[in-house]
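Inspection log for the structure reproduced underneath, given as structure tokens.
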2 protein chains.
Amino acid sequence: MDAKRKDIHNSDIPLLCRACEARHQGVCGALSTDQLVSLNKQSTRKRVNSGVELIGETQRTDSYANIISGVVKLTKMMADGRQQIVGLQFAPDFLGRPFRSDSGITADAATEVNICSFPKAMIDRMIKDTPELEHKLLEQTLKELDEARDWMLTLGRKTASEKVASFLSLIATHINPEWESGPLSFELPLTRSDIADFLGLTIETVSRQMTKLRKEGVIVIRNNRMVEVPDLARLVERASA
Amino acid sequence: MDAKRKDIHNSDIPLLCRACEARHQGVCGALSTDQLVSLNKQSTRKRVNSGVELIGETQRTDSYANIISGVVKLTKMMADGRQQIVGLQFAPDFLGRPFRSDSGITADAATEVNICSFPKAMIDRMIKDTPELEHKLLEQTLKELDEARDWMLTLGRKTASEKVASFLSLIATHINPEWESGPLSFELPLTRSDIADFLGLTIETVSRQMTKLRKEGVIVIRNNRMVEVPDLARLVERASA
DNA sequence: CGCCGTGTTGATAATAATCAAACGCAGTGG
DNA sequence: CCACTGCGTTTGATTATTATCAACACGGCG
């Protein structure tokens with residue numbers, strides 16, 4: 001048998017990458033073992049607390065990152081302070097904007113977040129050599145575009161009640177990717193204030209609609225943050241999408 | 001001098017492509033002269049009337065296209081009929097979704113539209129050979145993502161008045177790309193009903209806010225569709241973005 | 001214990017939706 | 001030529017939804 005083995009055997013793949021989701025579903029899946037090794041030398045794992053800004057005004061960003069765990073919120077703000085969350089990112093999403101430095105968006109850790117961060121320059125160079133990497137980025141960007149447009153429908157045309165149900169459905173289906181059927185429980189990655197900014201509502205309206213859903217038995221609220229969904233189909237129905 | 005001349009001299013570039021915006025700002029800019037020639041053999045120019053569906057339920061789409069002129073609206077619809085326009089596309093935007101057939105969006109001609117249409121399979125093959133083409137697609141997709149997120153802020157956090165001003169600003173800056181300063185007039189590519197679906201409002205509210213802007217002198221309304229903007233800065237101010 | 005951050009609940013106000021009517025205009029046909 | 005119709009739009013009156021303002025509840029923590 002050959003001394004140099006194939007990918008599947010993991011022989012040469014950097015330790016940190018072996019268990020990493022980004023290698024399977026994320027952008028790193030486009031890279032050869034050699035590229036993984038050299039990228040790995042320059043990459044650093046970081047654990048950031050909830051609330052920390054990852055990309056934005058203060059954080060001049062000369063690096064990209066993969067999300068290993070946790071939830072990142074993308075926010076747009078108006079001059080007078082009104083703000084709108086324009087996207088949530090989960091593992092193993094790629095974090096950062098290729099070819100452009102600023103698009104008026106800040107990215108903050110919504111929960112405790114673990115990222116694998118690499119120098120911008122290195123990725124930009126790898127993109128040139130590896131079309132497959134650019135392909136992965138295009139795929140993620142298309143996915144984000146679909147999600148953004150889905151949410152535009154939610155923001156523009158749904159009632160407060162439908163909005164909250166849509167949000168809960170979104171979280172329910174993203175927080176626990178390998179779920180089959182039956183009851184489902186999770187911790188909300190966002191505060192009521194964040195949820196309001198995501199839905200284009202006020203915190204009071206969010207709160208009222210949550211209690212409404214609770215009283216109707218669609219959800220069970222444990223500790224403000226812990227939510228249980230006895231029947232996901234019933235929740236999705238309320239989101240009417 | 002060489003018999004085979006460079007791109008700039010246009011010698012070998014297909015007639016139809018020579019004056020086409022898509023070759024400069026659009027995706028065709030990624031292609032070699034040879035590729036343009038072979039693509040041109042398979043491509044067809046089409047003129048479609050306002051209201052015609054370009055991509056959607058009825059129109060199973062095995063082709064992509066470049067917009068030569070006119071405005072295309074991208075719409076999402078809910079089961080009960082509520083709908084939201086999630087994007088507008090202008091020349092020389094690329095029309096069609098790579099790698100995916102359906103994303104629940106329909107594309108309709110909002111005005112009379114001219115497109116240059118090519119077989120899906122041909123582009124998909126060219127993408128494999130020409131990383132630069134995929135790069136162009138990524139750039140357009142990133143642009144659309146930015147626009148979608150900008151609009152999410154509009155939908156979620158702006159007042160009806162700000163929304164209408166935002167819409168007018170958007171059209172004013174896209175309909176006439178080479179504009180310097182001074183008054184500006186244009187024909188709205190959308191009906192009031194479309195505008196309402198774009199802004200997440202009703203037609204009545206759109207109409208009321210338009211008259212309000214008219215009475216305040218921010219815009220002049222000629223023939224329902226014809227709008228004049230004496231001072232763009234003043235309009236943009238109303239959009240507070 | 002008091003305080004702060006977060007979330008809920010209630011009363012009232014503002015905003016936009018809904019319902020209803022009429023307008024302007026283009027096309028049609030007597 | 002002039003009603004007549006149909007469509008997109010405007011305007012008005014009223015209602016519904018959500019925001020705002022305000023008070024309170026709960027849990028953690030100095």
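Note that the structure is predicted; figures quoted are calculated from it, not measured. Every chain is numbered from 1 and lettered A, B, ... according to where its sequence line falls, protein lines coming before strand lines.
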Interface residues of residues 77-90 of chain B with DNA chain C (non-hydrogen, below 4.0 angstrom): none
Measure from [atom1] on [X] to [atom2] on [N] and round the result to the nearest Å.
| X | N | atom1 | atom2 | value |
| --- | --- | --- | --- | --- |
| A/Arg225 | C/dT6 | CZ | C1' | 9 Å |
| B/Leu199 | C/dA17 | CG | P | 10 Å |
| B/Ile203 | C/dA17 | CD1 | P | 11 Å |
| B/Lys215 | D/dT10 | NZ | C1' | 10 Å |
| B/Lys212 | D/dT10 | NZ | P | 15 Å |
| A/Leu190 | C/dG7 | CG | C1' | 15 Å |
| A/Asn224 | C/dT9 | CG | P | 10 Å |
| A/Asp194 | C/dG7 | CG | C1' | 14 Å |

Is the shortest distance from a Lys or Arg side-chain nitrogen in [X] or [Y] to a carboxylate oxygen in the other one below 4.0 Å?
| X | Y | answer |
| --- | --- | --- |
| A/Arg97 | B/Asp146 | yes |
| A/Arg149 | B/Glu147 | no |
| B/Asp197 | B/Arg82 | no |
| A/Glu216 | A/Arg238 | yes |

Can you tabulate the close N/O pairs, meaning under 3.5 Å, that link protein atoms to atoms of nucleotides 4-6 of chain D?
none

N/O donor-acceptor pair under 3.5 Å between [X] side chain and [Y] backbone:
| X | Y | result |
| --- | --- | --- |
| B/Arg47 | B/Ile115 | no |
| A/Asp231 | A/Ala233 | yes |
| B/Thr111 | B/Val71 | yes |

Reading 5' to 3' through nucleotides 13-30 of chain D, protein heavy-atom contacts under 4.0 Å coded B for base, S for sugar-phosphate only, - for none: B----SSBB---------
Ring geometry between B/Tyr64 and B/Phe94 (parallel below 30°, tilted from 30 to 60°, perpendicular above 60°): tilted
Qualifying residue, where the test is side-chain contact (heavy atoms from CB on, under 4.5 Å) with B/Ile195 and the options are B/Leu201, B/Ile85, B/Ile171, B/Leu190: B/Leu190
Intermediate values then yes/no, side-chain hydrogen bond (donor to acceptor under 3.5 Å, both in side chains), A/Glu162 and A/Ser240: CA-CA 7 Å; A/Glu162 291 169 332; A/Ser240 42; 2.8 Å; yes
Flag for A/Lys158-A/Ser166: side-chain donor and acceptor within less than 3.5 Å: yes
N or O in side chain of B/Ser207 less than 4.0 angstrom from D/dT11 OP1/OP2: no
